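Here is how names work: the chains are called A, B, and so on, in the same order as the sequence lines, proteins then strands, and each is numbered from 1. The shown structure was predicted, so the numbers you read here are calculated from the model rather than taken from an experiment.
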Protein chains: 2
Amino acid sequence: MDSALEPPPAPSTRGRRARVFSGDDRERAILATAERLLGERPLSEISVDQLAKGAGISRPTFYFYFTSKEQVLLALFDRVVEEARSNRGDALQRLAEDEEQGWRDAISPFCATFSSHRAITSAAAATQYTSAAVRDLWSQVMEQFVVEVMEAIESERRRGAAPDGIPARDLATVLNSMVERSLFSTFSGQTPAVAEERLLETLVSVFMGAIYGRAQE
Amino acid sequence: MDSALEPPPAPSTRGRRARVFSGDDRERAILATAERLLGERPLSEISVDQLAKGAGISRPTFYFYFTSKEQVLLALFDRVVEEARSNRGDALQRLAEDEEQGWRDAISPFCATFSSHRAITSAAAATQYTSAAVRDLWSQVMEQFVVEVMEAIESERRRGAAPDGIPARDLATVLNSMVERSLFSTFSGQTPAVAEERLLETLVSVFMGAIYGRAQE
DNA sequence: CACAGCATTCGACACAGTGTCGATTAAGTC
DNA sequence: GACTTAATCGACACTGTGTCGAATGCTGTG
């Protein structure tokens, strides 16, 4: 089972491609192969040839669909990012009801998305250092989370629930860095790392202390 | 200015070069070249040939000194780690006098070391994903810091200065992840990142809140 | 001083991976 | 049936890695 697709998919009639495989099929096969292989080894140890073979095409044909293997990862990661965005909910809008539960509900879907696509997210985190395109997408995603957390902190301070302190943007940034790095450590089995089942509670605890806890009085 | 060391006597271009440098000189020249080039671009964009040329030797000769370019980074990083260890001081032993100042003094040398060797530490952080040897050394270093922070937290809890809560080891781990990732973001100029001059205060503030701050009572 | 042995050096090779070009095929269009 | 276009791949040029074996000079011994 080297090929991700076997011969006869129903000759669906969309468009004008009743070829053996349509271009879309091939593109999906490449993406599926990449996701499978990323579960086994990092992108740096996966060659374009292996992606092509896995999708049942030759190496030059791969370049008909993607300009590099990094672009494949980018496409996969893009889908994960979309999923994360649609899952994120409005927990941060309901902090006034129950602060701790609100933060937990805000962080949780982030963890869940990372967890269920750990091969892709881990690869994306690692490939930041190699590919500018991946780095840009990653930092755009992080920027969005930082802004959301920052606004939530400011809102909590305005309503008097959280004390003033260091700039909300700075606080949101380091907390976000903590979540990012901790998720990566835990889900890629590094040492030291927090056990998966305690990670969410640990992160929520630091958020609570950092945002609401008044340092030594 | 390609060669890190110029041969004092001008030997004939052709044929074997006269032995003007000892092996130690050459090894140092390779390390110096690597450090210089890492200031300009990541390790993945530096070839063995460029390291060799920079040290005034041919590519095969490079392999007489190091088995790969990752080993060069490992040697550089090892020296930084030693420096960090010798600079770390005993601030965590003096938390009882002034908690906030104690944590600041404990985190500060860590920041300083990272800062003054940012090319090497950034490269080491990035190369974790490529090289198992670098990853092992890095996680060994992180493990040491986590243990020190964990013991300090436990000590603060014992003396009643900090409330009990989540396991000290877990707390120490995520705080360490935060420091690591924040330093990396800031010193490699990523977005989002905290400005260098506010980073230490921001980190200390989160430490104080997470360790001493009682979440909502 | 000769010469053996060791440290050091590099040319040349084999190999793996990347990215491109041009020719070729087959599907759909007119 | 000729034309167009999406899709395909063989072959090539190139970059980088790691190894081998043959030089070359230095150092110490007799």
Residue pair B:Ala119 / B:Glu35: nearest heavy atoms and the distance that separates them: CB-O, 4.5 Å
Where at least one partner belongs to residues 121-143 of chain B, residue pairs that pass ring pair (Phe, Tyr, Trp, His ring centres under 6.0 Å), sequence neighbours excluded: A:Tyr129-B:Tyr129, A:Phe184-B:Tyr129, B:Phe77-B:Trp138
B:Val194 backbone acceptor or donor facing B:Thr186 side chain under 3.5 Å: yes
Sugar-phosphate, base or nothing in reach of A:Ser47, heavy atoms under 4.0 Å: sugar-phosphate
Whole-Å distance separating the CG atom of A:Asp24 from the P atom of C:dA27: 18 Å
Rounded interatomic separation in angstrom, taking CZ from B:Arg26 and P from C:dA7: 17 Å
Exam field: side chain A:Ser177 to backbone A:Thr173, donor-acceptor pair closer than 3.5 Å: yes
Worked check of side-chain contact (heavy atoms from CB on, under 4.5 Å) between B:Phe187 and B:Glu196: CA-CA 7 Å; B:Phe187 288 130; B:Glu196 187 167 344; 3.1 Å; yes
Spacing between A:Phe62 atom CZ and C:dT20 atom P, to the nearest angstrom: 12 Å
Members of residues 63-70 of chain A that approach DNA chain C, where some heavy atom sits under 4.0 Å away: A:Tyr63, A:Lys69
Gap between atom CG of A:Leu37 and atom NZ of A:Lys69 - 0.5 Å precision: 11.0 Å
Phosphate contact (C:dT9 OP1 or OP2) by B:Thr61 side-chain N/O below 4.0 Å: no
Side chain to side chain contact (heavy atoms under 4.5 Å, CB included), paired with B:Leu38, selected from B:Leu43, B:Thr33, B:Thr121: B:Leu43
Spacing between A:Lys53 atom NZ and D:dC9 atom P, to the nearest angstrom: 10 Å
For nucleotides 12-14 of chain C, list the nitrogen or oxygen atoms of the protein found under 3.5 Å from its nitrogen or oxygen atoms, one pair per line.
none

Intra- and inter-strand pairs of DNA chain C in dot-bracket (Watson-Crick or G-U wobble, both distances under 3.5 Å; | for another strand): |||||||||||||||||||||||||||.||
Atom-pair distance (CG on B:Asp49; P on D:dC14), nearest Å: 17 Å
Distance, rounded to the nearest Å, where B:Leu43 contributes CG and D:dT17 contributes P: 10 Å
Atom pair distance, as rounded to whole Å: CD1 in A:Ile57 and P in C:dG19: 14 Å
Closest approach of B:Val149 to B:Phe207 (non-hydrogen atoms, all atoms of both residues): CG1-CE2, 4.5 Å
Salt bridge (charged side-chain N to carboxylate O under 4.0 Å, His left out) contacts in which one or both residues fall within residues 184-194 of chain B, not counting sequence neighbours: none
Side chain to side chain donor-acceptor pair (under 3.5 Å) partners of residues 105-115 of chain A, not counting sequence neighbours, each pair once: A:Gln101-A:Asp105, A:Ser115-A:Arg118
Worked verdict on A:Glu82 versus A:Arg85 for salt bridge (charged side-chain N to carboxylate O under 4.0 Å, His left out): CA-CA 5 Å; A:Glu82 274 318 303; A:Arg85 285 198 173 121; 3.3 Å; yes
Protein-nucleotide distance (B:Glu27, atom CD; C:dT9, atom P), rounded to Å: 11 Å
